[in-house]
Amino acid sequence: MPELPEVETTRRGLTPYVVGRTIERVEVREPRLRWPVATALPRALAGARIGTLERRAKYLLFGTDAGTLLVHLGMSGSLRYLPAPQEPAPHDHVDVHFAGGGTLRLNDPRRFGSVLLTRTPRTHPLLEHLGPEPLGEAFDADYLYRASRNRRVAIKQHLMNGRVVVGVGNIYASEALFRARIHPERMAGRIARARFEPLVEAVRDVLRDAIEEGGTTLRNFVGGDGEPGYFRASLRVYERAGLPCLDCGAPIARRVLGQRATYYCPRCQR
DNA sequence: CGCTGACCCTGACGGC
DNA sequence: TGCCGTCAGGGTCAGC
């Protein structure tokens, strides 16, 4: 489920409920996530106060005086704040109970997500080698052009490579390339310099638009407030195989690239 | 070093 | 109805 817009939606939704709160108790019902939840984690966090909630790539970083809690939602994860106690449902793997009431609850059916505690987030192996934020200043046409030289991979896979730029997942890679009119299979290293301005703008625009709509709910994504995202209605190619291109009417094509479904207009995108 | 494909896991859905 | 194959928004890792 979550790409950058969904994670950012979650961050914004949770911030008023969790920042400034003191953790009373952490309850781990199922530690077998992408990486096992450390047995020492609940004890380490008990009594800690959350001072900040930030996002880096698709990670949520809860800054506490006991270290930084890193949460990744994987494919199927979601975080919700519950003001009142609620019976855990299937796949509700982790609860963070706050002093004074309220619970932050992680649900993740496929368990590709992760919950980690670190004292040194900047140099954590999972974060250290990440590329620039797509909505930050470092991500511009010059950067992406240089990062693409001599690369033989398809531009779509290139955009989804977290070392190149973070946060661009399967939905928004297809959507951005449609907006930039670039064929997803075009070799990254063979794209003309002039096309990188529109491409970078397309990536930024589609992510910004999606954040404004509260992300994309395909199956089960809900933001921190439990609301689904509404960007699905704005998707132009994703999951539209066979339907007419909104620009030219040609049927949208679907092809598998690097084991991921890829959607594009074979007429508009070159 | 760059790149490909296997793999982690559960659930929904369509075909038979 | 039930079984089976396919697919799903994430990422790491081994191997060439």
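Chain identifiers are assigned alphabetically (A, B, ...) following the order of the sequence lines, protein sequences preceding nucleic acid strands; residue numbering begins at 1 within each chain. Heavy atoms only: backbone and side chains are in, while hydrogens, waters and symmetry mates are out.
Rounded to whole Å, the P atom of B:dA6 lies 14 Å from the corresponding atom of C:dT6.
Distance NZ (A:K58) to C1' (C:dG9): 8 Å, rounded to an integer number of Å. A:D108 places its CG atom 11 Å from the P atom of B:dT10, with the value rounded to the nearest Å. With rounding to whole Å, A:R32 atom CZ is found 10 Å from B:dC9 atom C1'. Across the protein-nucleic acid pair, A:L4 atom CG and C:dG9 atom P stand 16 Å apart, rounded to whole Å. One atom, NE2 of A:H129, and another, C1' of B:dC1, lie 14 Å apart when rounded to the nearest Å. The distance between atom CD1 of A:I155 and atom P of B:dC3, rounded to the nearest whole Å, is 11 Å. Remark: C1' of B:dC3 and CG of A:L159 are 16 Å apart, rounded to the nearest angstrom. In this structure, A:L116 atom CG and C:dG11 atom P are separated by 14 Å, rounded to whole Å.
Using bins of under 30°, 30° to 60° and over 60° for the plane-to-plane angle, the ring pair A:Y17/A:Y81 lands in the parallel bin. In this pair, A:Y172 and A:F231 present their aromatic rings tilted. The plane angle is within the 30 to 60° band.
Proximity of A:R34 to the phosphate of C:dC13: no side-chain N or O atom is located under 4.0 Å from OP1 or OP2. Contact annotation: A:H91 reaches the phosphate of B:dG11 (side-chain N/O to OP1 or OP2, under 4.0 Å). Distances shorter than 4.0 Å separate some side-chain N or O of A:R151 from OP1 or OP2 on B:dC3.
A:R111 contributes no side-chain N or O that forms a donor-acceptor pair with the base of B:dC9 under 3.5 Å.
Across B:dC3, B:dC9, C:dG9, the shortest atom-to-atom separation from the side chain of A:I171 is found for C:dG9. Across C:dG10, B:dC3, C:dA8, the shortest atom-to-atom separation from the side chain of A:R110 is found for C:dA8. The listed nucleotides are C:dT12, C:dG9, B:dC3; the one nearest the side chain of A:V153 is B:dC3.
Heavy atoms from other residues, nucleotides or ligands lying under 6.0 Å from CZ of A:R149 number more than 12.
Nearest-nucleotide positions on DNA chain B place A:N150 closer to the 5' end than the other of A:N150 and A:Q259. Of the two residues near DNA chain C, A:R254 and A:Y59, the one whose nearest nucleotide lies more 5' is A:R254.
The side-chain ring of A:F112 is stacked on the base of B:dC8, judged by centre separation under 5.5 angstrom and plane angle under 30 degrees.
If you check every strand for non-hydrogen atoms under 4.0 Å, A:R260 touches a base. Residue contacts shown for A:Y238 are limited to sugar-phosphate atoms, with no base heavy atom under 4.0 Å away.
The nearest pair of heavy atoms linking A:P251 to A:P266 is O-CD, 3.4 Å.
Screening A:T10, A:T15, A:L69 for a side-chain contact (heavy atoms from CB on, under 4.5 Å) involving A:L53 leaves a single residue, A:T15.
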Query raised in the report: After noting the C-alpha distance and the side-chain angles of A:N107 and A:R80, does the key distance pass the side-chain contact (heavy atoms from CB on, under 4.5 Å) rule?
Result: CA-CA 8 Å; A:N107 179 281; A:R80 291 188 63 182; over 6 Å; no
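When both pairing distances are held under 3.5 Å, B:dG11 makes a Watson-Crick or G-U pair with C:dC7.
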